[in-house]
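Everything numeric in this text was worked out from a predicted model, so none of it was measured. Every number for a ligand or one of its atoms is a count from 1 in the order of the listing. In what follows, every heavy atom counts, from backbone to side chain, and hydrogens, waters and symmetry copies are set aside. Nothing fancy with the numbering, it's 1 onward along the sequence.
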Amino acid sequence: MRQDAAVSGVLRTVAVGALQLEAGGALPEVELAFETWGTLNADASNAVLIQHALTGDTHVAQGSGDEAGWWDALVGPGKPVDTDKYFVVAANMLGGCYGSTGPSSLDPEGVPWGSRFPFVTIRDSVRAEARLADRLGIRRWHAVVGGSLGGARALEWGATYSERVRHCVVVAIGGYSTAEQIALAQAQLLAIRQDPAYNGGDYYGGPAPTAGLGLARRIAHISYRSEPELNFRFGRRGQGAENPLEAPAGAAGRGRYQVESYLDHQANKLVGRFDANSYVALTEALMSHDVGRGRGGMQRALATAKAEFFLASVNSDRLYFPEQSDELARALPGEVPVYTIDAKIGHDGFLTEIGQLGGDLRRRVFTL
Ligand SMILES: CC(=O)SCCNC(=O)CCNC(=O)[C@H](O)C(C)(C)COP(=O)(O)OP(=O)(O)OC[C@H]1O[C@@H](n2cnc3c(N)ncnc32)[C@H](O)[C@@H]1OP(=O)(O)O
Ligand SMILES: N[C@@H](CCO)C(=O)O
């Protein structure tokens, strides 16, 4: 497949064939959507795979167009992941709704998969991504990098394709989803599934389960932000002229607290840009995250990993606690430090404060 710096940050898709799935079943034809930045060098040794988080997309950095990327602080010309030197690839995860095969894609009969979309794990996604790497002529990534669900995907690359990853950068996630993370995810899944519009997942062509998806986002977003941040930002204040103890003029119910309005906004934004079935598929994939599954546990799974690992956590993260990154570090061969993103806001610090890792990443991983 031709690589061309002129198409930087432009969405493309590639067919990667049929995929047998870890938990059983198969997808007859998988397409992956991806964007690239920079130019692949002659020996294909400068390629970097960047993995998005749960509701993220392939647009990690600004490209030929002018739309901002979600890790612009890290990726771009002259940035720590310097696209004048590295060839950066970002793929939409299998099951997603930003171009890769997912529940809203059409099956071979031309009907949206909906409820028939199979359970896909992070390993399935990584296996599909390995075929994308093959198509792009990339035998070994200089680095695979990700945060949150993207970090789980990066870690799976390091364990599954040990020979194909030189540096593995895992931010704001441990080696497996814990009971609490699974529990929070279950509440989100039920919010969607119990929305009558969900219809078991077959809602395409009818009203979408926006109430359920919005509630799922509210639950998730609370976990993405720290308690002190929410308290400092919103406290007990009412939203604008709304009084939480009184009904607004002409409306049923009471006025909202500011934090309720904030969560309403976050929910509405996600509902406008994300498919509920993909939210379910990717959340279930994240629940399955366990690098040691079927490999004799985390330590044994990683004992033969050849990559150099770079781990980081957000010090105020109350979803993926820093201790879980520390535990992962201890399971890795050799001494692996865990870098700290110092952020007051919680888990989302891996998005808003990623620039803090720039210096260490330049020293340890992106040394060209
Ligand atoms: C790695 C990935 O792939 S993820 C890709 C990027 N992620 C996303 O887009 C996920 C959704 N967004 C987020 O998670 C977060 O917005 C982040 C992490 C991207 C950014 O966080 P922050 O900059 O701290 O934004 P914050 O949480 O303060 O939200 C700001 C929004 O809340 C709105 N807001 C703030 N207070 C209120 C309020 N009282 N009532 C209503 N809305 C409010 C702001 O107007 C702003 O709206 P806008 O985003 O439409 O401009
Ligand atoms: N804000 C991020 C958090 C998940 O890690 C997202 O929506 O993907």
Would you sort out whether V16 and D134 count as a side-chain contact (heavy atoms from CB on, under 4.5 Å), showing the intermediate values?
-> CA-CA 9 Å; V16 297; D134 295 341; over 6 Å; no
Which ligand 2 atoms are under 4.0 Å away from a heavy-atom of [X]?
{"X": "R217", "answer": "7 (O)"}
{"X": "A53", "answer": "5 (O), 8 (O)"}
{"X": "F350", "answer": "5 (O)"}

Classify the ring geometry between F366 and H142 as parallel (under 30°), tilted (30 to 60°) or perpendicular (over 60°).
-> tilted
When the ring planes of W37 and H59 are compared, do they come out parallel, tilted or perpendicular, using 30° and 60° as the limits?
->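 If you compare the ring of W37 with that of H59, the planes turn out tilted.
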Work out whether the distance between some heavy atom of R225 and some atom of ligand 2 is less than 4.0 Å.
-> no
Check whether any heavy atom of L351 sits under 4.0 Å from an atom of ligand 2.
->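 It does; at least one heavy atom falls under 4.0 Å.
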Do [X] and [Y] have side-chain N/O donor and acceptor atoms under 3.5 Å apart?
{"X": "Q266", "Y": "Y224", "value": "no"}
{"X": "W113", "Y": "N277", "value": "no"}
{"X": "S115", "Y": "D202", "value": "yes"}
{"X": "N199", "Y": "Y204", "value": "no"}
{"X": "E35", "Y": "Y98", "value": "no"}
{"X": "D317", "Y": "H347", "value": "yes"}
{"X": "Q356", "Y": "E353", "value": "yes"}
{"X": "R166", "Y": "S45", "value": "no"}
{"X": "E284", "Y": "S288", "value": "no"}

For ligand 1, find out whether one of its N or O atoms is nearer than 3.5 Å to an N or O atom of [X].
{"X": "T352", "result": "no"}
{"X": "Y262", "result": "yes"}
{"X": "R233", "result": "yes"}

As a check for students: among [options], identify the option with a heavy atom nearest to [atom].
{"atom": "atom 3 (C) of ligand 2", "options": "Y320, Y224, F274", "answer": "Y224"}
{"atom": "atom 32 (O) of ligand 1", "options": "H221, R237, Q266", "answer": "Q266"}
{"atom": "atom 38 (C) of ligand 1", "options": "H265, H347, H52, Q239", "answer": "Q239"}
{"atom": "atom 4 (S) of ligand 1", "options": "G56, G238, G349", "answer": "G56"}

Quick one: nearest non-hydrogen protein atom to [atom], plus distance?
{"atom": "atom 14 (O) of ligand 1", "value": "D348 OD2, 3.3 Å"}
{"atom": "atom 12 (N) of ligand 1", "value": "R217 NH2, 4.0 Å"}
{"atom": "atom 1 (N) of ligand 2", "value": "D348 OD1, 3.1 Å"}
{"atom": "atom 6 (C) of ligand 1", "value": "W70 CB, 4.0 Å"}
{"atom": "atom 8 (O) of ligand 2", "value": "T55 N, 3.0 Å"}
{"atom": "atom 41 (C) of ligand 1", "value": "S261 OG, 3.2 Å"}
{"atom": "atom 24 (O) of ligand 1", "value": "R225 NH2, 2.7 Å"}
{"atom": "atom 5 (O) of ligand 2", "value": "S148 OG, 2.6 Å"}
{"atom": "atom 49 (O) of ligand 1", "value": "K269 NZ, 2.6 Å"}

Does the distance from a Lys or Arg side-chain N to an Asp or Glu carboxylate O, for [X] and [Y], drop under 4.0 Å?
{"X": "D124", "Y": "R127", "value": "yes"}
{"X": "D264", "Y": "R218", "value": "yes"}
{"X": "E22", "Y": "R123", "value": "yes"}
{"X": "R254", "Y": "E260", "value": "yes"}

Below 4.0 Å, non-hydrogen atoms only: which portion of [X] touches ligand 1? Side chain, backbone, both or neither.
{"X": "L270", "value": "neither"}
{"X": "F350", "value": "side chain"}
{"X": "Y224", "value": "neither"}

Between E327, H289, R293, which is the residue that forms a side-chain hydrogen bond (donor to acceptor under 3.5 Å, both in side chains) with Y176?
->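 Of the listed residues E327, H289, R293, the side-chain hydrogen bond (donor to acceptor under 3.5 Å, both in side chains) partner of Y176 is E327.
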Taking only heavy atoms of [X] into account, list the atoms of ligand 1 that are under 4.0 Å away from them.
{"X": "L351", "result": "1 (C), 2 (C), 4 (S), 7 (N), 18 (C)"}
{"X": "R273", "result": "8 (C), 9 (O), 10 (C), 11 (C)"}
{"X": "Q258", "result": "39 (N)"}

Any N/O pair L54/ligand 2 closer than 3.5 Å = yes
Is there any N or O on H347 that sits under 3.5 Å from an N or O of ligand 2?
-> yes
